[in-house]
Participant: 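Got a structure for you, questions after.
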Amino acid sequence: MAGLLSEFRLKDVTFKNRIAMPPMATNEATEDGEVTDQIIKHYVARAEAQVGLIMVEHTWVTRAGRMNVRQLGLAQGAAVPGFARLAEEIKAQGTVAGIQLTHAGSATTRDACGCQPVGPSAVMHPRGSEEPRELSFAEIKILVEAFARAAGRAREAGFDIIELHGAHGYLLGQFLSPLTNQRADEYGGSLENRARFALEVVREVRNRIGPEPILAYRLGVEDFMPGGLTIDDTIQVARWLVKAGVDLLDISGGLAGSQPPGLEGQGYFLPYAERIRSEVRVPVLCAGGITDPLFADEAVRQGRVDLVGIGRALLENPDWALDAIRTLTDRALEEEVPEPEEES
């Protein structure tokens with residue numbers, strides 16, 4: 001039976017274990033979004049400590065979608081050599097290297113992106129601070145191409161996995177949510193229409209990168225807000241995403257973010273991930289406050305998820321994976337030792 005330390009294979013990529021570091025912003029890029037030595041050091045430290053998969057933090061596909069001034073960006077070909085070095089350093093440790101591509105949409109600010117934020121509709125983001133401008137039909141098509149171009153650069157840089165960020169209330173998720181998408185055209189209204197932008201991005205990215213690389217999608221499984229997305233909505237969206245070319249689903253929160261109010265304890269997204277996994281034929285990754293390796297191991301053994309995201313615990317302790325390996329190895333050895341027989 002597979003556990004947290006078991007190998008995992010997807011397409012032509014082998015993961016040495018099921019421990020995944022999800023995307024978490026360092027905000028240590030240059031103002032042009034280029035990779036710095038500090039960022040490389042940050043990720044290599046975790047890779048050296050035997051993390052199976054590192055998903056590099058959210059990386060903007062256009063400057064207008066930048067969430068932070070020091071956020072990574074892949075809108076220019078000049079950035080590729082730095083990202084290639086980052087991917088190479090991660091993979092040199094035997095760790096799978098992924099990267100997340102994003103556009104912040106109406107979640108950002110003028111100070112961060114240098115312009116009025118944009119969104120599917122001129123509706124305030126529930127966690128935003130500025131009213132966005134509604135994207136035109138032509139601008140939507142340009143953004144589809146921007147995601148595809150950035151994905152092509154990520155492939156050129158050598159990343160094993162390219163992930164699209166459709167969670168945490170960023171642009172892909174804003175189009176999906178009825179709270180932020182009030183359009184009256186083919187990109188608004190029904191769930192199918194609201195999913196259109198994400199599906200166009202997935203298809204165009206898949207066309208650009210080809211069939212071999214792993215294409216992942218971080219899905220905001222619920223908005224956790226009245227009138228927002230529900231798990232029933234996103235089960236259907238998950239099916240559409242897989243049909244469009246997604247190989248791996250990464251489950252997290254919607255408009256309410258990565259730790260929605262009211263969700264507590266370890267693995268608070270696991271029940272949602274488990275439901276999604278039962279409805280699609282692709283692997284599922286899930287994070288959500290998981291800190292205990294025994295808990296993470298059990299989630300894999302029970303078939304709830306295929307990969308376990310360890311976020312804040314890895315930020316606090318770069319050696320978390322090494323500690324987990326020791327803990328689980330010691331437990332396995334203890335289980336193999338027979339109990340001493342009682343003397344008669």
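Because only heavy atoms are used, hydrogens play no part in the values below, and waters and symmetry mates are left out as well, while side chains stay in.
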Participant: Restricting to non-hydrogen atoms, name the atom on Asp292 and the atom on Trp320 that form the minimum distance, rounded to 0.1 Å.
Facilitator: C-CZ2, 4.2 Å
Participant: Is any side-chain heavy atom of Thr95 closer than 4.5 Å to a side-chain heavy atom of Leu53?
Facilitator: no
Participant: If you count heavy atoms of other groups shown closer than 6.0 angstrom to CD of Glu88, is the number above 12?
Facilitator: no
Participant: Whether the side chain of Thr108 engages the backbone of Arg66 through a donor-acceptor N/O pair (distance < 3.5 Å, no angle test) should be reported.
Facilitator: yes
Participant: Would you check if Gln266 and Thr291 make a side-chain contact, meaning some heavy-atom pair closer than 4.5 Å?
Facilitator: yes
Participant: Quick check on Arg281: does its CZ atom have over 12 non-hydrogen neighbours (other residues, nucleotides or ligands) under 6.0 Å away?
Facilitator: no
Participant: Is Asn193 reaching over with its side chain to a backbone N or O of Gly188, donor-acceptor style, under 3.5 angstrom?
Facilitator: yes
Participant: If the condition is side chain to side chain contact (heavy atoms under 4.5 Å, CB included), which residues does Val123 pass it with, not counting sequence neighbours?
Facilitator: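 Checked Val123 against side chain to side chain contact (heavy atoms under 4.5 Å, CB included); matches are Ser121, Gln182.
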Participant: Check this for me: does any side-chain nitrogen of one of Glu31 and Arg70 sit under 4.0 Å from a carboxylate oxygen of the other?
Facilitator: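 Looking at Glu31 and Arg70, the cut-off is not met.
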Participant: In plain terms, say whether Arg326 and Asp319 are close enough for a salt bridge, that is, a side-chain N and a carboxylate O under 4.0 Å apart.
Facilitator: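 No, this pair does not count.
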Participant: Is there a side-chain contact between Pro260 and Asp223 in this structure, where contact means two heavy atoms from C-beta onward sitting under 4.5 Å apart?
Facilitator: no
Participant: I'd like to know if the side chain of Ser177 reaches the main chain of Gly173, judged simply by a donor and an acceptor atom lying under 3.5 Å from each other, with no hydrogens or angles considered.
Facilitator: no
Participant: Hey, any chance Val284 and Val96 share a hydrophobic cluster, counting ILVMFWY side chains that come within less than 4.5 Å of each other, even indirectly?
Facilitator: no
Participant: Take the angle between the ring planes of Phe197 and Phe175 and call it parallel below 30°, perpendicular above 60°, tilted in between.
Facilitator: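 It falls in the tilted class, 30° to 60°.
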Participant: Which value, rounded to the nearest 0.5 Å, describes the distance between Leu171 atom CG and Thr62 atom OG1?
Facilitator: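 Interatomic distance, Leu171 CG to Thr62 OG1, rounded to 0.5 Å: 10.5 Å.
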Participant: Taking NZ, NE, NH1 and NH2 as the nitrogens, is one of them in Arg277 or Asp306 under 4.0 Å from a carboxylate oxygen of the other?
Facilitator: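 Answer for the salt bridge query: yes.
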Participant: Would the number of heavy atoms belonging to other residues, nucleotides or ligands and lying under 6.0 Å from CG of Asp12 be above 12?
Facilitator: no
Participant: Flag the pair Asp232 and Arg275 as a salt bridge only when some basic side-chain nitrogen lies within less than 4.0 angstrom of an acidic carboxylate oxygen.
Facilitator: yes
Participant: Is there a donor-acceptor pair under 3.5 Å between the side chain of Trp60 and the backbone N or O of Ala75?
Facilitator: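 Between the backbone of Ala75 and the side chain of Trp60 there is no qualifying donor-acceptor contact (under 3.5 Å).
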Participant: When you check the side-chain N and O atoms of Gln174 and Ser106, is any donor under 3.5 Å from an acceptor?
Facilitator: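 Yes - a donor-acceptor pair under 3.5 Å links their side chains.
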Participant: Does any non-hydrogen side-chain atom of Trp240 lie less than 4.5 Å from one of Glu192?
Facilitator: yes
Participant: Treating Arg183 as the side-chain partner and Pro120 as the backbone partner, does any N or O pair qualify as donor plus acceptor under 3.5 Å?
Facilitator: yes
Participant: Can you confirm whether Arg239 sits close enough to Thr234 that some side-chain heavy atom of one is under 4.5 Å from a side-chain heavy atom of the other?
Facilitator: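 SC-SC contact between Arg239 and Thr234 ruled out.
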Participant: Between CZ of Arg196 and CG of Leu191, what distance do you get to the nearest 0.5 Å?
Facilitator: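 Reported to 0.5 Å precision, the distance equals 11.5 Å.
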Participant: Could you tell me whether a side-chain N or O of Arg127 sits under 3.5 Å from a main-chain N or O of His168, the two making a donor and an acceptor?
Facilitator: yes
Participant: Is any side-chain N of the basic residue among Arg312 and Glu316 closer than 4.0 Å to the acidic one's carboxylate O?
Facilitator: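 Result for this pair is no, no salt bridge flagged.
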Participant: Applying salt bridge (Lys or Arg N to Asp or Glu O under 4.0 Å), can you list everything that pairs with Arg304, at least two apart in sequence or on another chain?
Facilitator: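 With neighbours one apart ignored, the set is Glu274.
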Participant: Decide, yes or no, whether a salt bridge links Lys141 with Glu200 under the criterion of side-chain N to carboxylate O below 4.0 Å.
Facilitator: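 So Lys141 pairs with Glu200 through a salt bridge.
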Participant: Do the side chains of Val300 and Leu307 get nearer than 4.5 Å, heavy atoms only?
Facilitator: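 No, side chains not in contact.
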Participant: When you look at Glu139 and Arg133, which way does the salt bridge (Lys or Arg N to Asp or Glu O under 4.0 Å) test go after all the steps?
Facilitator: CA-CA 11 Å; Glu139 287 174 318; Arg133 176 179 62 79; 3.0 Å; yes
Participant: Pro132 and Gln116: which non-hydrogen atoms are nearest, and at how many Å?
Facilitator: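 Closest approach of Pro132 to Gln116: C-NE2, 3.7 Å.
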Participant: To the nearest 0.5 Å, how far apart are CG in Leu86 and NZ in Lys91?
Facilitator: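 Answer for the CG-NZ pair, Leu86 versus Lys91, is 11.0 Å.
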Participant: Is there a side-chain contact between His42 and Thr26, using heavy atoms and a 4.5 Å cut-off?
Facilitator: yes
Participant: Please say yes or no: joined through hydrophobic side-chain contacts below 4.5 Å, possibly via intermediate residues, are Val80 and Phe159 part of one cluster?
Facilitator: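 Yes.
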Participant: Are any non-hydrogen side-chain atoms of Glu57 and Gln71 less than 4.5 angstrom apart?
Facilitator: no
Participant: Check step by step if side chain to side chain contact (heavy atoms under 4.5 Å, CB included) holds for His58 and Tyr170.
Facilitator: CA-CA 11 Å; His58 65 172; Tyr170 290 142; 3.8 Å; yes
Participant: Just verifying a value: how many Å separate Asp247 CG and Glu212 CD, rounded to the nearest 0.5 Å?
Facilitator: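 One gets 11.0 Å once the value is rounded to the nearest 0.5 Å.
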Participant: Between Arg110 and Pro117, is there a donor-acceptor pair closer than 3.5 Å when you use the side chain of the first and the backbone of the second?
Facilitator: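 Not confirmed, Arg110 side chain does not pair with Pro117 backbone.
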Participant: Flag the pair Phe224 / Tyr272 as yes when their ring centroid distance falls below 6.0 Å, and as no otherwise.
Facilitator: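 Judged by ring-centre distance (under 6.0 Å), Phe224 and Tyr272 do meet the cut-off.
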Participant: Please report the interatomic distance CD1(Ile162) to OG1(Thr59), rounded to the nearest 0.5 Å.
Facilitator: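 So the CD1 of Ile162 and the OG1 of Thr59 are separated by 11.0 Å.
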Participant: Tell me if a side-chain donor or acceptor on Glu222 pairs with a main-chain N or O of Ile231 at a distance below 3.5 Å.
Facilitator: yes
Participant: Would a hydrophobic clustering, with Ile, Leu, Val, Met, Phe, Trp and Tyr connected at side-chain separations under 4.5 Å, put Tyr268 with Leu314?
Facilitator: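 The answer is yes; both residues are in one hydrophobic cluster.
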Participant: Passes side chain to side chain contact (heavy atoms under 4.5 Å, CB included), Arg218 versus Leu164? Steps please.
Facilitator: CA-CA 6 Å; Arg218 196 165 212 194; Leu164 302 172; over 6 Å; no
Participant: So does Leu101 get a backbone contact from the side chain of Glu163, meaning a donor-acceptor N/O pair under 3.5 Å?
Facilitator: no
Participant: Are Ile325 and Leu5 close enough, and set up right, to give a side chain to side chain contact (heavy atoms under 4.5 Å, CB included), and what steps lead you there?
Facilitator: CA-CA 7 Å; Ile325 291 168; Leu5 303 187; 3.7 Å; yes
Participant: Do side-chain atoms of Asp160 reach the backbone of Gly98 as a donor and acceptor pair under 3.5 angstrom?
Facilitator: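 No; judged by distance alone, with no hydrogens or angles, the pair does not exist.
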Participant: Please answer: with hydrophobic residues joined when any side-chain heavy atoms are less than 4.5 Å apart, are Val144 and Val202 in the same cluster?
Facilitator: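 Val144 and Val202: one cluster.
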Participant: Over all heavy atoms of both residues, which pair between Leu315 and Arg46 is shortest? Give the atoms and the distance, please.
Facilitator: O-NH2, 3.2 Å
Participant: Looking only at heavy atoms, what is the nearest atom pair of Ala321 and Ala49, with distance?
Facilitator: CB-O, 3.2 Å
Participant: Can you see which heavy atom on Ser252 is nearest to which on Ser258, and at what distance?
Facilitator: OG-CA, 4.2 Å
Participant: Testing the basics here: between Ala112 and Val69, what is the closest heavy-atom pair and its distance to 0.1 Å?
Facilitator: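 Closest approach of Ala112 to Val69: CA-CG2, 4.2 Å.
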Participant: Is any NZ, NE, NH1 or NH2 atom of the basic residue among Asp37 and Lys41 found under 4.0 Å from an Asp or Glu carboxylate oxygen of the other?
Facilitator: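 Salt bridge flag = no for Lys41 with Asp37.
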Participant: Take Arg208 and Phe147, measure what side chain to side chain contact (heavy atoms under 4.5 Å, CB included) needs, and give me the verdict at the end.
Facilitator: CA-CA 10 Å; Arg208 188 63 56 94; Phe147 271 100; over 6 Å; no
Participant: Enter the distance from Leu72:CG to Met67:CE here, rounded to the nearest 0.5 Å.
Facilitator: 15.0 Å
Participant: Using the rule that two of Ile, Leu, Val, Met, Phe, Trp, Tyr join whenever any of their side-chain heavy atoms come within less than 4.5 Å, decide whether Leu172 and Met55 are in one cluster.
Facilitator: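 Not linked; separate clusters.
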Participant: Just one of Leu199, Val242, Leu219 clears the side chain to side chain contact (heavy atoms under 4.5 Å, CB included) bar with Val237, so which one?
Facilitator: Leu219
Participant: Looking at Asp297 and Arg331, does any basic side-chain N land under 4.0 Å from a carboxylate oxygen?
Facilitator: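 Between Arg331 and Asp297 there is a salt bridge, with a charged N closer than 4.0 Å to a carboxylate O.
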